[in-house]
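Below: one structure, written as structure tokens.
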Amino acid sequence: MFAIYKRELNAYFTSPIAYVVYAVAAFFGGMYFRGIVLQADSSDMSYVFLNMTSIVIILMPILTMKLFSEEKNKKTEQGLLTAPVNLLQIVMGKFTAAVTVYAILMLLFVIYGIIIGFYVTPAWITIFSNILGLLLFGTALISIGTFVSSLTESQIVAAIISIGAGLLISYINTFASSLGVEFLQNILKSISFTTPYQNFAVGIIKLSDVVFFLSVPVLFIFFTIKVLERRRWN
């Protein structure tokens with residue numbers, strides 16, 4: 001697993017992918033931070049994080065689109081699937097590499113907290129709650145993108161489907177509110193990422209919300225393994 005993790009992590013930083021993700025995140029994060037915190041003379045970063053969820057939905061597919069689709073496209077998948085490692089190690093190696101790249105991005109928000117500290121005492125509990133929430137949010141999206149990447153050899157298709165899936169799952173509660181059937185509303189709201197994330201945004205870390213976000217990677221890593229398992233036997 002470590003060899004795959006190391007290879008994938010190295011691939012992110014020897015190509016423009018990681019740097020593009022960091023640059024885009026820094027641009028929008030800086031814009032939100034300037035407008036919501038600095039110009040408004042506020043120390044509350046909650047809305048910075050809430051706005052960044054939309055950016056994360058778009059950026060995570062950039063990290064995941066090549067994970068397996070590139071292997072299929074370059075005809076290297078067979079060698080990967082017949083390597084002396086099990087499928088869980090293959091998937092986890094690629095998945096954790098993408099999560100590592102994303103986790104480094106969270107340092108950006110620590111820097112924003114330090115900048116606030118030059119003027120007032122930052123609400124570090126709320127800041128770290130938001131960082132944890134955004135980290136879990138992005139990790140769940142990475143697992144979905146990893147699964148989608150295993151379904152196609154086109155990186156563009158993988159990226160588009162992953163963005164669509166992220167938008168749907170994140171904002172499905174808005175659609176649910178327009179339904180007249182309460183039973184369907186409750187089902188749709190229960191799978192929305194927005195609902196559990198809102199607690200992190202106000203500084204509340206609930207075990208149920210953490211478990212919700214961690215269950216998504218478990219589910220989609222399982223799905224990814226099943227897809228690869230089927231192709232290995234074929």
Side-chain angles (χ1 to χ4, degrees), residues 1-30 32 49 51-74 76-77 80 87-110 130-170 193 197 213-214 216-225 227-228:
M1 172 182 163
F2 181 73
I4 295 173
Y5 168 80
K6 185 178 179 180
R7 186 192 74 170
E8 292 296 327
L9 193 61
N10 182 63
Y12 280 121
F13 290 101
T14 54
S15 70
I17 295 177
Y19 305 106
V20 168
V21 169
Y22 292 153
V24 173
F27 173 79
F28 283 100
Y32 293 140
F49 286 99
N51 280 292
M52 283 301 295
T53 57
S54 299
I55 306 303
V56 168
I57 290 172
I58 297 172
L59 290 181
M60 291 308 95
I62 297 176
L63 292 180
T64 61
M65 64 183 185
K66 75 177 189 67
L67 289 179
F68 288 101
S69 59
E70 185 179 49
E71 302 279 1
K72 282 185 76 174
N73 189 45
K74 291 185 176 181
T76 58
E77 184 185 52
L80 179 68
L87 293 178
L88 176 60
Q89 290 175 313
I90 293 172
V91 176
M92 287 302 297
K94 288 176 172 287
F95 169 74
T96 51
V99 172
T100 300
V101 174
Y102 177 59
I104 294 172
L105 178 60
M106 296 299 102
L107 295 174
L108 177 68
F109 303 103
V110 176
N130 274 278
I131 289 175
L132 175 61
L134 196 62
L135 178 62
L136 292 171
F137 182 88
T139 299
L141 292 175
I142 288 172
S143 69
I144 295 173
T146 302
F147 169 66
V148 173
S149 181
S150 71
L151 299 175
T152 176
E153 64 179 32
S154 172
Q155 295 186 38
I156 301 300
V157 171
I160 293 173
I161 294 176
S162 297
I163 291 172
L167 290 171
L168 178 64
I169 295 175
S170 298
F193 284 7
Y197 181 79
F213 278 117
L214 291 179
V216 176
V218 171
L219 183 64
F220 280 94
I221 286 171
F222 172 77
F223 288 158
T224 306
I225 291 172
V227 170
L228 297 178

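As a basis for the values below, the full set of heavy atoms in this structure was taken, side chains included, without hydrogen atoms, waters or symmetry mates.
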Next item on the list: Could you pull out the closest heavy-atom pair between Thr139 and Tyr102, with the gap in Å?
Entry: N-CE2, 4.1 Å
Check: Where do Pro217 and Phe95 come nearest, in terms of heavy atoms and distance?
Finding: CB-CZ, 3.9 Å
Next item on the list: Look up atom CE in Met65 and atom CD1 in Ile156, then write down how far apart they are to the nearest 0.5 Å.
Entry: 6.0 Å
Margin query: Which label fits Phe223 and Phe147: parallel for a plane angle under 30°, tilted from 30 to 60°, or perpendicular past 60°?
Written below: tilted
Notebook entry, point to check: Heavy-atom distance under 4.5 Å between the side chains of Lys66 and Glu8, does that happen here?
Noted result: yes
Next item on the list: State plainly whether the residues Glu70 and Lys94 are in salt-bridge range, i.e. N to O under 4.0 Å.
Entry: no
Margin query: One pair to check against side-chain contact (heavy atoms from CB on, under 4.5 Å): Phe28 and Ser54. What are the steps and the verdict?
Written below: CA-CA 10 Å; Phe28 283 100; Ser54 299; over 6 Å; no
Check: If you look at every heavy atom in Ser162 and Gly145, which pair is closest and at what distance?
Finding: OG-CA, 3.5 Å
Next item on the list: Fit a plane to each ring of Phe49 and Phe109, take the angle between them on a 0 to 90° scale, and name the class: parallel (under 30°), tilted (30 to 60°) or perpendicular (over 60°).
Entry: tilted
Item checked: Minimum heavy-atom distance between Gly133 and Tyr197, given as atom pair plus value -> C-CE1, 3.4 Å
Margin query: Walk me through whether Val216 and Phe193 qualify under side-chain contact (heavy atoms from CB on, under 4.5 Å).
Written below: CA-CA 10 Å; Val216 176; Phe193 284 7; 4.0 Å; yes
Item checked: Taking every non-hydrogen atom, the tightest pair across Phe220 and Ser143 -> CB-O, 3.6 Å
Item checked: Pairwise side-chain contact, Ile221 with Leu88, heavy-atom cut-off 4.5 Å (strictly under) -> yes
Margin query: Nearest 0.5 Å, please: how far is OG1 in Thr64 from CD in Gln155?
Written below: 10.0 Å
Check: Out of Thr146, Val91, Thr224, which residue meets the side-chain contact (heavy atoms from CB on, under 4.5 Å) rule with Leu67?
Finding: Thr146
Next item on the list: Rounded to the nearest 0.5 Å, what's the gap from CG on Leu168 to CD1 on Ile161? Could you check?
Entry: 13.0 Å
Check: Does any donor atom in the side chain of Tyr12 or Thr100 lie under 3.5 Å from an acceptor atom in the other side chain?
Finding: no
Item checked: Greater than 12 external heavy atoms within 6.0 Å of Phe13's CZ -> yes
Notebook entry, point to check: Just how far is it from atom CE of Met92 to atom CG of Leu87, taken to the nearest 0.5 Å?
Noted result: 13.5 Å
Margin query: Distance check, rounded to the nearest 0.5 Å: Leu105 atom CG versus Met52 atom CE?
Written below: 6.0 Å
Item checked: Within-4.5 Å side-chain heavy-atom neighbours: Ser170 and Ile57 -> yes
Item checked: Approximate separation, where rounding is to 0.5 Å, of Ile169 CD1 and Ile144 CD1 -> 3.5 Å
Note to self: Using every non-hydrogen atom in the two residues, find where Pro61 and Ala159 come nearest and quote the distance to one decimal.
What the structure shows: CB-O, 3.6 Å
Note to self: Between Tyr22 and Tyr19 (judged by ring centroids, cut-off 6.0 Å), do the two rings come close enough to count as a pair?
What the structure shows: no
Item checked: Close side-chain approach of Val56 to Leu141, heavy-atom, < 4.5 Å -> yes
Checklist line | Side chains of Val110 and Ile131 in contact at under 4.5 Å (non-hydrogen atoms) | finding: yes
Notebook entry, point to check: With a 4.5 Å heavy-atom cut-off, do Ile90 and Phe68 have their side chains touching?
Noted result: yes
